[in-house]
Number of protein chains: 2
Amino acid sequence: MQSPTWKDPVTAADRVLLEIQRAIVEGQIPAGSKISEPELARRFDLSRAPLREALARLERCHLIERIPNSGARVVKLSVAGLVSLYQLRETLEGLACRLAAEHMTDQEIAEVQQLLDQHLSSQRVREGESYYQEAGDVDFHYRVILGSKNPYLINLLCDELYFIVRMYRVQLGMNGPRVSRAFDEHKAIINAIANRDGELADLLMRRHIGASRRNIESHFKQQGN
Amino acid sequence: MQSPTWKDPVTAADRVLLEIQRAIVEGQIPAGSKISEPELARRFDLSRAPLREALARLERCHLIERIPNSGARVVKLSVAGLVSLYQLRETLEGLACRLAAEHMTDQEIAEVQQLLDQHLSSQRVREGESYYQEAGDVDFHYRVILGSKNPYLINLLCDELYFIVRMYRVQLGMNGPRVSRAFDEHKAIINAIANRDGELADLLMRRHIGASRRNIESHFKQQGN
DNA sequence: CTGCATCACATTGTCGACAATTACAAAACA
DNA sequence: TGTTTTGTAATTGTCGACAATGTGATGCAG
């Protein structure tokens with residue numbers, strides 16, 4: 001799935017960015033490991049200039065941490081980090097809901113409702129296909145965030161926080177459960193937005209994300225990462 | 001005033017970043033103008049490599065916008081942008097207050113209260129000295145944000161949104177008024193935090209920032225930028 | 001054996017030049 | 001005259017090499 005906020009990767013730095021993002025999110029480059037510029041430059045067959053451009057953007061979305069004259073490391077996942085991240089997400093997506101209830105057109109709302117019905121039916125057919133479930137979840141949240149019509153908020157959630165959230169979910173194997181419940185929660189949220197009840201949509205979204213956080217959190221503890 | 005989250009500028013890119021940040025915030029490089037890499041490289045007497053590193057970070061804090069193969073422009077200020085920015089700030093600093101009420105130590109709270117008293121007295125003496133007023137305001141907000149102990153939130157408010165907020169305030173000449181009222185509001189907020197009343201601190205901070213927004217907004221309209 | 005200084009190596013930061021793309025202007029055409 | 005085309009100039013993206021800094025091993029003093 002490609003964010004509607006991204007342009008297609010025209011430059012070499014763009015392309016290598018996408019590859020490294022995927023590699024980090026999927027754990028192919030392990031969390032906490034050191035990033036070697038010469039090594040990655042060889043691996044992706046380009047010079048260090050576009051690679052450093054990509055590293056700058058990776059730092060921007062919190063996937064790596066850089067220390068001047070020392071180098072970059074992939075971020076380490078932790079319970080504290082997860083909690084901090086989701087505290088932020090709850091508040092931000094809650095705000096997105098409130099603004100979406102104000103700014104989304106009736107047609108945009110109808111499209112999201114239609115989308116949910118599509119996902120629900122296709123999910124019932126492909127029982128357990130986690131990819132479509134996650135794609136659907138991401139798609140729903142994207143629509144609402146875009147519906148806020150707030151450029152800063154959109155950039156923040158879709159570009160800066162999206163990948164680190166995904167990294168937590170992917171590396172802890174959060175694909176399967178919570179499917180039908182999530183669909184119900186999505187429906188309730190979009191209905192609140194359709195009724196122009198921003199307060200309620202905000203509350204429901206916070207609950208929705210809070211539940212998701214507790215879900216991941218429990219996996220975290222039981223496998224003791 | 002230097003953010004506690006910054007390391008001192010060890011590299012050339014760090015130094016030029018600070019200079020360009022200041023130039024943009026103060027309007028020395030006009031809003032909306034095109035950024036020429038060769039020109040800036042000559043002006044600051046370094047090669048394009050560290051300059052591009054600095055540009056990447058400028059984009060990160062929303063001071064410039066880059067288009068691949070085309071170049072970078074300084075952002076344009078607008079009422080819509082101001083509203084979007086402050087919507088975000090209200091929510092984020094409200095969250096910071098709620099978390100600060102939970103996580104700040106009694107000593108940290110006492111230090112902020114002491115700080116406010118200092119600012120109040122020095123403000124009464126230097127009536128109208130806007131620099132100290134802004135420094136005091138920034139300092140107060142910083143303390144609360146750091147008190148949230150949430151790394152993502154701290155990075156966001158102190159590194160990514162700080163400069164663009166400042167750009168609006170500086171370029172619209174928002175220095176003078178609202179001084180004594182702001183001090184009272186600060187006092188009320190820190191008292192709520194001291195009472196561990198996160199809900200109230202959240203509410204008061206949102207109001208405080210909302211008042212500030214309306215203040216800037218009115219200047220915006222009357223000078224028709 | 002432990003702690004510290006020294007030295008060699010590897011990595012990051014910076015530079016100047018070249019390639020690829022875009023933007024502007026002049027010219028050709030309808 | 002207005003529009004498209006084409007060519008040139010300038011800008012951005014990329015490269016390879018050098019300089020500056022950090023890192024780890026080795027040797028020496030205590």
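In what follows, every chain begins at residue 1, and chains take the letters A, B, ... in the order their sequences are listed.
When rounded to the nearest whole Å, the span between CD1 of B:Ile35 and C1' of D:dA10 equals 17 Å. In this structure, the CZ atom of B:Arg73 is 15 Å from the C1' atom of D:dT12, given to the nearest Å. Whole-Å rounding puts the A:Arg66 CZ to C:dG13 C1' distance at 10 Å. Look at CZ on A:Arg42: it is 11 Å from P on C:dA10, rounded to the nearest Å. If you take CZ of B:Arg52 and P of D:dT11, they are 14 Å apart, rounded to a whole angstrom. For the pair A:Leu46 CG and C:dA19 C1', the computed distance is 15 Å after rounding to whole Å. Here the P atom of nucleotide D:dT14 and the CZ atom of A:Arg15 are 8 Å apart, to the nearest Å. B:Glu53 has its CD atom 15 Å from the C1' atom of C:dC15, to the nearest Å.
For B:Lys34, taking side-chain heavy atoms from C-beta onward, the closest of the listed nucleotides D:dG13, D:dG22, D:dT12 is D:dT12. Comparing atom distances between the A:Ala13 side chain and each of C:dT12, C:dT14, D:dT14 picks out D:dT14 as nearest. Across D:dT21, C:dT14, C:dT22, the shortest atom-to-atom separation from the side chain of B:Asn69 is found for C:dT22.
You'll find the ring centres of B:His119 and B:His186 outside the 6.0 Å limit.
Between A:Thr11 and D:dT14, a side-chain N or O to OP1/OP2 separation shorter than 4.0 Å is present. Considering only side-chain N and O atoms, A:Ser70 lies under 4.0 angstrom from the phosphate OP1 or OP2 of D:dT23. OP1 or OP2 of D:dT12 has not a single side-chain nitrogen or oxygen of B:Arg48 nearer than 4.0 Å.
A cation-pi arrangement is absent between A:Arg143 and A:Phe140 under the rule of less than 6.0 angstrom and at most 45 degrees off the ring axis.
A donor-acceptor distance shorter than 3.5 angstrom exists from the side chain of B:Ser33 to the backbone of B:Pro30, with no hydrogens or angles considered.
Contacts of A:Ile67 with the nucleic acid, taken as non-hydrogen atoms under 4.0 Å apart, are absent. Among the heavy atoms of the strands, none lies under 4.0 Å from B:Leu55.
Summarising the geometry, atom CZ belonging to B:Arg52 is positioned 5.5 Å from atom CZ belonging to B:Arg66; distances are rounded to the nearest 0.5 Å.
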- Message: Go through it in stages, so that I can follow the logic: the residues are A:Tyr168 and A:Tyr86, the test is ring pair (Phe, Tyr, Trp, His ring centres under 6.0 Å), and I'd like the CA-CA distance, side-chain angles, deciding distance and then a yes or no.
- Response: CA-CA 11 Å; A:Tyr168 271 99; A:Tyr86 269 68; 7.5 Å; no
